[in-house]
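All values reported here derive from a predicted model rather than from experimental measurement.
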Amino acid sequence: MEKFDNKKTIYLIDTYNLIFRAHFSFAARPLMTTYNMHISAVYGFLNMLHKILNDYEPVYIACVHDTGEKTFRDEIYPEYKAHRPECPAELIPQFQVVFDFIDALGIKRLSQPGLEADDVIGTLCQKASENGFFVKIISSDRDLFQLISDKVRMICLKKGITEIVEYDEKELKNDLGIGPDQVVDYKALVGDPSDNIPGIHGIGPKSAVELLAKYKNLDGIFEVLPKIGGKREELLRTGRDMAYLSQKLAKIKCDADINCELESLAEMNVNSETLGALCEKYEQRKMLEKYRKYFDKRSDFFYGNI
(Lines give C-alpha, C1' and ligand atoms only; values in the text may rest on other atoms or scores of the structure.)
Protein backbone atom coordinates (compact mmCIF):
# COMPACT_ATOMS: atom_id res chain seq x y z
CA MET A 1 0.00 0.00 0.00
CA GLU A 2 1.33 3.40 -0.99
CA LYS A 3 2.33 5.85 1.70
CA PHE A 4 0.08 8.90 1.67
CA ASP A 5 1.81 12.24 1.07
CA ASN A 6 -0.35 14.95 2.67
CA LYS A 7 1.05 17.59 0.33
CA LYS A 8 -0.40 15.59 -2.57
CA THR A 9 -3.67 14.58 -0.89
CA ILE A 10 -7.03 16.06 -1.90
CA TYR A 11 -9.67 16.26 0.85
CA LEU A 12 -13.21 15.95 -0.51
CA ILE A 13 -16.01 16.88 1.88
CA ASP A 14 -19.46 15.35 1.37
CA THR A 15 -21.16 18.63 2.22
CA TYR A 16 -24.81 17.70 2.67
CA ASN A 17 -23.85 14.59 4.62
CA LEU A 18 -22.02 16.74 7.17
CA ILE A 19 -24.78 19.36 7.26
CA PHE A 20 -27.48 16.80 8.03
CA ARG A 21 -25.27 15.06 10.56
CA ALA A 22 -24.57 18.37 12.31
CA HIS A 23 -28.24 19.28 12.41
CA PHE A 24 -29.41 16.00 13.91
CA SER A 25 -26.53 15.90 16.40
CA PHE A 26 -28.19 18.83 18.15
CA ALA A 27 -31.78 17.57 17.68
CA ALA A 28 -32.39 17.24 21.44
CA ARG A 29 -31.07 20.74 22.18
CA PRO A 30 -31.13 22.88 19.02
CA LEU A 31 -28.83 25.88 18.86
CA MET A 32 -30.57 29.19 18.24
CA THR A 33 -29.47 32.75 17.61
CA THR A 34 -30.81 35.53 19.84
CA TYR A 35 -33.29 36.31 17.04
CA ASN A 36 -34.59 32.69 17.07
CA MET A 37 -32.95 31.29 13.94
CA HIS A 38 -31.93 27.64 14.09
CA ILE A 39 -28.17 27.47 13.68
CA SER A 40 -27.25 23.89 14.72
CA ALA A 41 -26.28 22.77 11.20
CA VAL A 42 -24.16 25.86 10.55
CA TYR A 43 -22.36 25.61 13.89
CA GLY A 44 -21.85 21.84 13.65
CA PHE A 45 -20.62 21.99 10.05
CA LEU A 46 -18.16 24.79 10.79
CA ASN A 47 -16.86 22.83 13.79
CA MET A 48 -16.33 19.68 11.73
CA LEU A 49 -14.70 21.62 8.90
CA HIS A 50 -12.38 23.36 11.36
CA LYS A 51 -11.40 20.00 12.87
CA ILE A 52 -10.51 18.64 9.43
CA LEU A 53 -8.55 21.76 8.53
CA ASN A 54 -6.74 22.00 11.84
CA ASP A 55 -6.02 18.31 12.46
CA TYR A 56 -5.20 17.16 8.91
CA GLU A 57 -3.77 20.40 7.48
CA PRO A 58 -4.98 19.80 3.92
CA VAL A 59 -3.32 21.65 1.08
CA TYR A 60 -5.99 20.63 -1.44
CA ILE A 61 -9.65 20.69 -0.39
CA ALA A 62 -13.14 20.97 -1.88
CA CYS A 63 -16.74 20.76 -0.67
CA VAL A 64 -18.87 18.58 -2.95
CA HIS A 65 -22.66 18.67 -2.96
CA ASP A 66 -25.80 17.70 -4.91
CA THR A 67 -27.72 20.19 -7.05
CA GLY A 68 -31.14 18.85 -6.04
CA GLU A 69 -32.02 17.97 -9.63
CA LYS A 70 -32.99 14.54 -10.97
CA THR A 71 -30.16 12.18 -11.86
CA PHE A 72 -29.72 9.19 -14.15
CA ARG A 73 -30.72 6.94 -11.24
CA ASP A 74 -34.20 8.45 -11.18
CA GLU A 75 -34.56 7.47 -14.84
CA ILE A 76 -33.48 3.89 -14.09
CA TYR A 77 -35.75 3.58 -11.05
CA PRO A 78 -38.36 6.32 -10.44
CA GLU A 79 -38.77 5.19 -6.83
CA TYR A 80 -35.11 5.89 -6.05
CA LYS A 81 -34.97 7.88 -2.77
CA ALA A 82 -38.74 8.29 -3.01
CA HIS A 83 -39.39 7.37 0.61
CA ARG A 84 -37.05 9.88 2.17
CA PRO A 85 -38.74 12.15 4.71
CA GLU A 86 -39.09 15.84 3.94
CA CYS A 87 -36.20 18.05 4.97
CA PRO A 88 -36.87 19.75 8.34
CA ALA A 89 -38.17 23.26 7.72
CA GLU A 90 -35.68 24.80 10.16
CA LEU A 91 -32.76 23.22 8.28
CA ILE A 92 -33.58 24.54 4.81
CA PRO A 93 -32.44 28.17 5.39
CA GLN A 94 -29.15 26.90 6.83
CA PHE A 95 -27.97 25.30 3.58
CA GLN A 96 -27.25 28.63 1.90
CA VAL A 97 -25.66 29.97 5.09
CA VAL A 98 -23.23 27.03 5.11
CA PHE A 99 -22.47 27.66 1.41
CA ASP A 100 -21.83 31.34 2.17
CA PHE A 101 -19.34 30.36 4.87
CA ILE A 102 -17.59 27.89 2.55
CA ASP A 103 -17.27 30.57 -0.13
CA ALA A 104 -15.97 33.12 2.38
CA LEU A 105 -13.35 30.62 3.53
CA GLY A 106 -12.15 30.33 -0.05
CA ILE A 107 -12.91 26.62 -0.34
CA LYS A 108 -14.15 25.50 -3.74
CA ARG A 109 -17.68 24.08 -3.98
CA LEU A 110 -18.19 21.43 -6.65
CA SER A 111 -21.47 20.08 -8.02
CA GLN A 112 -22.90 19.06 -11.37
CA PRO A 113 -26.50 18.77 -12.63
CA GLY A 114 -27.51 15.18 -13.35
CA LEU A 115 -25.03 13.77 -10.85
CA GLU A 116 -25.11 13.10 -7.15
CA ALA A 117 -22.29 14.31 -4.94
CA ASP A 118 -21.07 10.69 -4.79
CA ASP A 119 -20.54 10.66 -8.57
CA VAL A 120 -18.59 13.93 -8.47
CA ILE A 121 -16.47 12.54 -5.63
CA GLY A 122 -15.96 9.24 -7.49
CA THR A 123 -14.88 11.00 -10.68
CA LEU A 124 -12.47 13.26 -8.78
CA CYS A 125 -11.03 10.21 -6.98
CA GLN A 126 -10.39 8.55 -10.32
CA LYS A 127 -8.90 11.69 -11.83
CA ALA A 128 -6.72 12.30 -8.77
CA SER A 129 -5.43 8.72 -8.69
CA GLU A 130 -4.49 8.90 -12.37
CA ASN A 131 -2.60 12.16 -11.84
CA GLY A 132 -0.41 11.26 -8.88
CA PHE A 133 -2.69 12.51 -6.09
CA PHE A 134 -4.14 10.78 -3.06
CA VAL A 135 -7.68 11.42 -1.76
CA LYS A 136 -9.34 11.46 1.63
CA ILE A 137 -13.15 11.59 1.59
CA ILE A 138 -14.93 13.08 4.62
CA SER A 139 -18.38 11.54 5.05
CA SER A 140 -20.45 9.05 7.02
CA ASP A 141 -22.09 7.72 3.82
CA ARG A 142 -21.12 4.07 3.49
CA ASP A 143 -21.88 4.12 -0.24
CA LEU A 144 -18.51 5.83 -0.63
CA PHE A 145 -16.65 2.81 0.80
CA GLN A 146 -16.59 1.44 -2.75
CA LEU A 147 -14.10 4.18 -3.71
CA ILE A 148 -11.44 3.12 -1.19
CA SER A 149 -8.17 2.01 -2.79
CA ASP A 150 -4.41 2.30 -2.37
CA LYS A 151 -4.80 6.00 -3.16
CA VAL A 152 -8.20 6.71 -1.57
CA ARG A 153 -9.22 6.59 2.08
CA MET A 154 -12.37 7.66 3.87
CA ILE A 155 -12.53 9.72 7.04
CA CYS A 156 -15.81 8.45 8.46
CA LEU A 157 -17.82 10.28 11.10
CA LYS A 158 -18.93 7.53 13.45
CA LYS A 159 -20.55 9.26 16.41
CA GLY A 160 -22.18 12.66 16.38
CA ILE A 161 -19.68 15.12 14.97
CA THR A 162 -16.66 14.17 17.07
CA GLU A 163 -15.62 10.52 16.64
CA ILE A 164 -13.66 9.88 13.45
CA VAL A 165 -12.42 6.60 11.94
CA GLU A 166 -10.14 6.55 8.91
CA TYR A 167 -10.89 3.64 6.60
CA ASP A 168 -8.47 1.97 4.26
CA GLU A 169 -9.03 -1.44 2.65
CA LYS A 170 -7.89 -3.32 5.77
CA GLU A 171 -10.11 -1.33 8.15
CA LEU A 172 -13.11 -1.81 5.86
CA LYS A 173 -12.54 -5.57 5.74
CA ASN A 174 -12.24 -5.71 9.54
CA ASP A 175 -15.43 -3.70 10.02
CA LEU A 176 -17.81 -4.98 7.35
CA GLY A 177 -16.17 -8.24 6.24
CA ILE A 178 -16.00 -7.13 2.59
CA GLY A 179 -13.57 -5.29 0.35
CA PRO A 180 -14.20 -2.01 -1.52
CA ASP A 181 -14.79 -3.97 -4.73
CA GLN A 182 -17.67 -5.85 -3.02
CA VAL A 183 -19.52 -2.87 -1.56
CA VAL A 184 -21.77 -2.39 -4.62
CA ASP A 185 -22.71 -6.08 -4.76
CA TYR A 186 -23.32 -6.10 -1.01
CA LYS A 187 -25.88 -3.31 -1.48
CA ALA A 188 -27.30 -5.15 -4.49
CA LEU A 189 -28.03 -8.08 -2.17
CA VAL A 190 -29.23 -6.34 1.01
CA GLY A 191 -30.56 -3.11 -0.50
CA ASP A 192 -30.49 0.29 1.19
CA PRO A 193 -33.69 1.66 2.76
CA SER A 194 -32.27 5.18 3.02
CA ASP A 195 -31.97 5.40 -0.79
CA ASN A 196 -34.91 3.04 -1.44
CA ILE A 197 -32.62 0.57 -3.20
CA PRO A 198 -34.60 -2.69 -3.12
CA GLY A 199 -31.96 -5.41 -2.98
CA ILE A 200 -33.24 -8.97 -2.52
CA HIS A 201 -36.04 -9.47 -0.02
CA GLY A 202 -34.92 -11.89 2.68
CA ILE A 203 -31.15 -11.52 2.15
CA GLY A 204 -29.64 -9.76 5.14
CA PRO A 205 -26.13 -8.48 5.92
CA LYS A 206 -24.86 -11.79 7.33
CA SER A 207 -26.01 -13.80 4.31
CA ALA A 208 -24.60 -11.19 1.91
CA VAL A 209 -21.16 -11.24 3.56
CA GLU A 210 -21.11 -15.06 3.53
CA LEU A 211 -22.14 -15.23 -0.13
CA LEU A 212 -19.57 -12.63 -1.20
CA ALA A 213 -16.82 -14.30 0.84
CA LYS A 214 -17.48 -17.57 -0.98
CA TYR A 215 -18.39 -16.41 -4.50
CA LYS A 216 -16.64 -12.98 -4.69
CA ASN A 217 -19.33 -11.01 -6.55
CA LEU A 218 -22.91 -10.96 -7.84
CA ASP A 219 -22.08 -12.72 -11.10
CA GLY A 220 -20.20 -15.40 -9.19
CA ILE A 221 -23.21 -16.00 -6.95
CA PHE A 222 -25.69 -16.40 -9.81
CA GLU A 223 -23.31 -18.59 -11.84
CA VAL A 224 -23.47 -21.28 -9.14
CA LEU A 225 -27.05 -20.73 -7.99
CA PRO A 226 -28.07 -24.43 -8.06
CA LYS A 227 -25.15 -25.28 -5.74
CA ILE A 228 -26.35 -22.80 -3.10
CA GLY A 229 -29.63 -24.62 -2.56
CA GLY A 230 -32.30 -24.21 0.08
CA LYS A 231 -34.16 -21.05 0.97
CA ARG A 232 -31.22 -18.88 -0.05
CA GLU A 233 -31.29 -20.18 -3.61
CA GLU A 234 -35.02 -19.52 -3.80
CA LEU A 235 -34.62 -15.94 -2.55
CA LEU A 236 -31.76 -15.26 -4.93
CA ARG A 237 -33.56 -16.71 -7.92
CA THR A 238 -36.70 -14.68 -7.22
CA GLY A 239 -34.74 -11.48 -6.56
CA ARG A 240 -32.22 -11.71 -9.39
CA ASP A 241 -33.62 -8.83 -11.47
CA MET A 242 -33.92 -6.57 -8.44
CA ALA A 243 -30.34 -7.40 -7.46
CA TYR A 244 -28.95 -6.27 -10.81
CA LEU A 245 -31.15 -3.17 -10.77
CA SER A 246 -29.87 -2.39 -7.28
CA GLN A 247 -26.31 -2.90 -8.48
CA LYS A 248 -26.80 -0.19 -11.13
CA LEU A 249 -28.30 2.19 -8.56
CA ALA A 250 -25.52 1.59 -6.01
CA LYS A 251 -22.59 1.92 -8.41
CA ILE A 252 -20.90 5.32 -8.20
CA LYS A 253 -20.05 6.90 -11.53
CA CYS A 254 -16.32 7.57 -11.77
CA ASP A 255 -15.97 8.76 -15.36
CA ALA A 256 -18.22 11.82 -15.50
CA ASP A 257 -17.23 14.87 -17.52
CA ILE A 258 -16.32 17.26 -14.72
CA ASN A 259 -14.35 20.40 -15.39
CA CYS A 260 -12.05 20.76 -12.39
CA GLU A 261 -8.34 21.47 -12.37
CA LEU A 262 -7.01 19.56 -9.37
CA GLU A 263 -4.29 22.13 -8.72
CA SER A 264 -6.97 24.81 -8.26
CA LEU A 265 -8.16 23.05 -5.10
CA ALA A 266 -5.13 24.48 -3.29
CA GLU A 267 -6.37 28.04 -3.87
CA MET A 268 -7.93 28.74 -0.49
CA ASN A 269 -8.25 32.52 -0.54
CA VAL A 270 -10.24 33.57 2.50
CA ASN A 271 -12.37 36.71 2.31
CA SER A 272 -11.78 37.98 5.85
CA GLU A 273 -14.31 40.80 5.60
CA THR A 274 -17.14 38.52 4.42
CA LEU A 275 -16.20 35.82 6.94
CA GLY A 276 -16.27 38.35 9.76
CA ALA A 277 -19.63 39.72 8.63
CA LEU A 278 -21.13 36.21 8.48
CA CYS A 279 -19.83 35.35 11.93
CA GLU A 280 -21.31 38.57 13.26
CA LYS A 281 -24.69 38.04 11.56
CA TYR A 282 -25.05 34.44 12.72
CA GLU A 283 -23.48 35.01 16.14
CA GLN A 284 -20.41 32.83 15.58
CA ARG A 285 -17.78 35.13 17.10
CA LYS A 286 -15.91 32.30 18.85
CA MET A 287 -15.88 30.38 15.59
CA LEU A 288 -14.28 33.39 13.89
CA GLU A 289 -11.42 33.33 16.41
CA LYS A 290 -10.90 29.61 15.83
CA TYR A 291 -10.66 30.12 12.08
CA ARG A 292 -8.38 33.14 12.44
CA LYS A 293 -5.96 31.04 14.47
CA TYR A 294 -6.13 28.30 11.84
CA PHE A 295 -5.37 30.69 8.98
CA ASP A 296 -2.43 32.16 10.90
CA LYS A 297 -1.10 28.63 11.34
CA ARG A 298 -1.70 27.76 7.70
CA SER A 299 0.09 30.87 6.54
CA ASP A 300 3.05 30.42 8.90
CA PHE A 301 3.73 26.73 8.41
CA PHE A 302 2.55 25.25 5.18
CA TYR A 303 0.30 27.32 2.94
CA GLY A 304 1.59 27.33 -0.60
CA ASN A 305 4.41 24.95 0.27
CA ILE A 306 3.33 22.40 -2.32
Side-chain angles (χ1 to χ4, degrees), residues 10-25 38-53 58 60-74 80-81 84-128 135-147 152 154-157 161 192 194-195 249-250 252-254 256-262 264-268 270-271 274-275 278 282:
I10 299 171
Y11 289 74
L12 298 176
I13 294 174
D14 185 1
T15 310
Y16 278 123
N17 179 271
L18 266 64
I19 292 174
F20 274 95
R21 194 169 188 85
H23 175 75
F24 288 110
S25 292
H38 283 263
I39 206 74
S40 300
V42 175
Y43 173 81
F45 180 89
L46 289 174
N47 250 344
M48 285 187 281
L49 178 59
H50 180 269
K51 182 173 178 61
I52 294 298
L53 292 171
Y60 299 88
I61 188 168
C63 287
V64 185
H65 57 87
D66 299 332
T67 64
E69 300 177 27
K70 295 285 187 181
T71 72
F72 65 92
R73 291 181 183 87
D74 297 288
Y80 179 66
K81 293 189 176 181
R84 284 196 170 181
E86 286 190 22
C87 181
E90 69 274 13
L91 177 55
I92 294 172
Q94 296 182 69
F95 292 134
Q96 187 57 53
V97 178
V98 170
F99 288 169
D100 290 343
F101 270 103
I102 293 169
D103 294 344
L105 289 165
I107 298 173
K108 286 210 168 33
R109 287 193 289 118
L110 303 174
S111 62
Q112 185 143 314
L115 297 177
E116 294 185 46
D118 290 4
D119 302 311
V120 178
I121 291 171
T123 298
L124 291 173
C125 285
Q126 183 68 29
K127 187 175 181 179
V135 177
K136 289 189 179 181
I137 304 164
I138 298 94
S139 179
S140 61
D141 183 355
R142 293 190 163 204
D143 295 355
L144 294 162
F145 282 155
Q146 64 188 268
L147 300 175
V152 179
M154 185 164 159
I155 298 170
C156 191
L157 309 172
I161 58 174
D192 184 348
S194 67
D195 289 339
L249 295 172
I252 291 174
K253 188 175 179 63
C254 294
D257 184 14
I258 294 172
N259 184 21
C260 174
E261 293 297 327
L262 298 178
S264 72
L265 302 184
E267 297 169 4
M268 192 173 173
V270 63
N271 186 324
T274 302
L275 180 61
L278 286 169
Y282 298 106

Enquirer: From I102 CD1 over to L49 CG, what is the distance, rounded to the nearest 0.5 angstrom?
Expert: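 The CD1 atom of I102 sits 7.0 Å away from the CG atom of L49.
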Enquirer: Sort out for me which residue in L144, V135, I252 forms a side chain to side chain contact (heavy atoms under 4.5 Å, CB included) with C125.
Expert: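 Of the listed residues L144, V135, I252, the side chain to side chain contact (heavy atoms under 4.5 Å, CB included) partner of C125 is V135.
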Enquirer: Between A128 and L262, which heavy-atom pair has the shortest distance, and what is it?
Expert: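 A128 and L262 have their closest heavy atoms at CA-CD1, 3.7 Å.
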Enquirer: Return the NE2 to NE2 distance between H23 and H38, rounded to the nearest 0.5 Å.
Expert: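 Rounded to the nearest 0.5 Å, the NE2-NE2 separation comes out at 7.5 Å.
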Enquirer: Heavy-atom distance under 4.5 Å between the side chains of S40 and F24, does that happen here?
Expert: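 Not touching, per the 4.5 Å side-chain cut-off.
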Enquirer: Donor-acceptor check, side chain of R21 to backbone of L157, threshold 3.5 angstrom: yes or no?
Expert: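 Present.
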Enquirer: Among residues two or more places apart or on two chains, list those pairs meeting salt bridge (charged side-chain N to carboxylate O under 4.0 Å, His left out) that have a residue in residues 112-123.
Expert: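 Residue pairs passing salt bridge (charged side-chain N to carboxylate O under 4.0 Å, His left out), neighbours aside: R73-E116, R73-D119, K81-E116.
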Enquirer: Show your reasoning for whether side chain to side chain contact (heavy atoms under 4.5 Å, CB included) applies to Y282 and F101.
Expert: CA-CA 11 Å; Y282 298 106; F101 270 103; 4.1 Å; yes
Enquirer: So does A250 get a backbone contact from the side chain of Q146, meaning a donor-acceptor N/O pair under 3.5 Å?
Expert: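 Yes: the side chain of Q146 pairs with the backbone of A250.
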Enquirer: Verify side chain to side chain contact (heavy atoms under 4.5 Å, CB included) between M268 and I61, making sure each step is shown before the conclusion.
Expert: CA-CA 8 Å; M268 192 173 173; I61 188 168; 4.2 Å; yes
Enquirer: Check the side chains of D192 and S194 for a donor-acceptor pair under 3.5 angstrom, ignoring hydrogens and angles.
Expert: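 Looking only at side-chain atoms, D192 and S194 do form a donor-acceptor pair, the distance falling under 3.5 Å.
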Enquirer: Verify the ring-centre separation between H65 and F99: is it less than 6.0 angstrom?
Expert: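 Yes, close enough.
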Enquirer: To check you understand the geometry: which heavy-atom pair defines the closest contact between L265 and A62, and what is its length?
Expert: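 Scanning both residues, the minimum pair turns out to be CD2-CB, 3.9 Å.
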Enquirer: Rounded to the nearest 0.5 Å, how far does CG of N17 lie from SG of C156?
Expert: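 Between atom SG of C156 and atom CG of N17 there are 8.5 Å.
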Enquirer: Which heavy atom of L110 sits nearest to which heavy atom of C260, and what is that distance?
Expert: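 What the structure gives for the nearest pair is CD1-SG, 4.0 Å.
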Enquirer: Supply the atom-to-atom distance C63 SG to K108 NZ, rounded to the nearest 0.5 angstrom.
Expert: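 Taking SG in C63 and NZ in K108, the distance rounds to 12.0 Å.
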Enquirer: Below 30° counts as parallel, above 60° as perpendicular, anything between as tilted: where do the rings of F95 and Y16 land?
Expert: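 Plane angle over 60°, so perpendicular.
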Enquirer: Could you tell me which non-hydrogen atom of G114 sits nearest to which non-hydrogen atom of T71, and how far apart they are?
Expert: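 That closest heavy-atom pairing would be O-CB, 3.4 Å.
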Enquirer: For K253 and G122, indicate whether the former's side chain and the latter's backbone hold a donor-acceptor pair under 3.5 Å.
Expert: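 No, K253 side chain to G122 backbone: no donor-acceptor pair under 3.5 Å.
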Enquirer: Hey, which of T15, L12, D14, L18 is the one that makes side chain to side chain contact (heavy atoms under 4.5 Å, CB included) with I138?
Expert: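 Only one option passes, and that is L18.
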Enquirer: Start with the C-alpha distance between D103 and R109, add both sets of side-chain angles, then the distance that settles side chain to side chain contact (heavy atoms under 4.5 Å, CB included), and finish with yes or no.
Expert: CA-CA 8 Å; D103 294 344; R109 287 193 289 118; 2.9 Å; yes
Enquirer: When rounded to the nearest 0.5 angstrom, what distance separates CD1 in I258 from CG in L115?
Expert: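 Taking CD1 in I258 and CG in L115, the distance rounds to 6.0 Å.
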Enquirer: Please walk me through it: do L91 and F20 pass side chain to side chain contact (heavy atoms under 4.5 Å, CB included)?
Expert: CA-CA 8 Å; L91 177 55; F20 274 95; 3.6 Å; yes
Enquirer: Kindly say whether V120 contributes a backbone atom to a donor-acceptor pair with the side chain of T123 at under 3.5 angstrom?
Expert: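 No.
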Enquirer: What is the minimum heavy-atom distance between I52 and Y11, and which atoms define it?
Expert: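 Heavy-atom minimum between the residues: CG2-CD2, 4.3 Å.
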Enquirer: Sub-3.5 Å donor-acceptor pair from the side chain of K136 to the main-chain atoms of I13, do we have one?
Expert: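 Judged by distance alone, no pair lies under 3.5 Å.
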Enquirer: Could you give the distance from CZ (F145) to OG (S139), rounded to the nearest 0.5 Å?
Expert: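 Answer for the CZ-OG pair, F145 versus S139, is 8.5 Å.
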Enquirer: Side chain of Q94, backbone of A41: donor and acceptor closer than 3.5 Å?
Expert: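 Yes, the answer is positive, given that a donor and an acceptor are paired below the 3.5 Å cut-off.
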Enquirer: So, the side chain of Q112 versus the backbone of D257: is there a donor-acceptor pair under 3.5 Å, distance only?
Expert: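 Side chain of Q112 to backbone of D257: a pair is present.
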Enquirer: Considering all heavy atoms of both residues, which atom of A104 and which atom of L278 are nearest to each other, and what is their separation?
Expert: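 The pair with the smallest heavy-atom distance is CB-CD1, 3.9 Å.
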Enquirer: For Q96, check side chain to side chain donor-acceptor pair (under 3.5 Å) against everything at least two apart and list the hits.
Expert: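 Partners of Q96 by the side chain to side chain donor-acceptor pair (under 3.5 Å) criterion, ordered by chain and then number, come out as D100.
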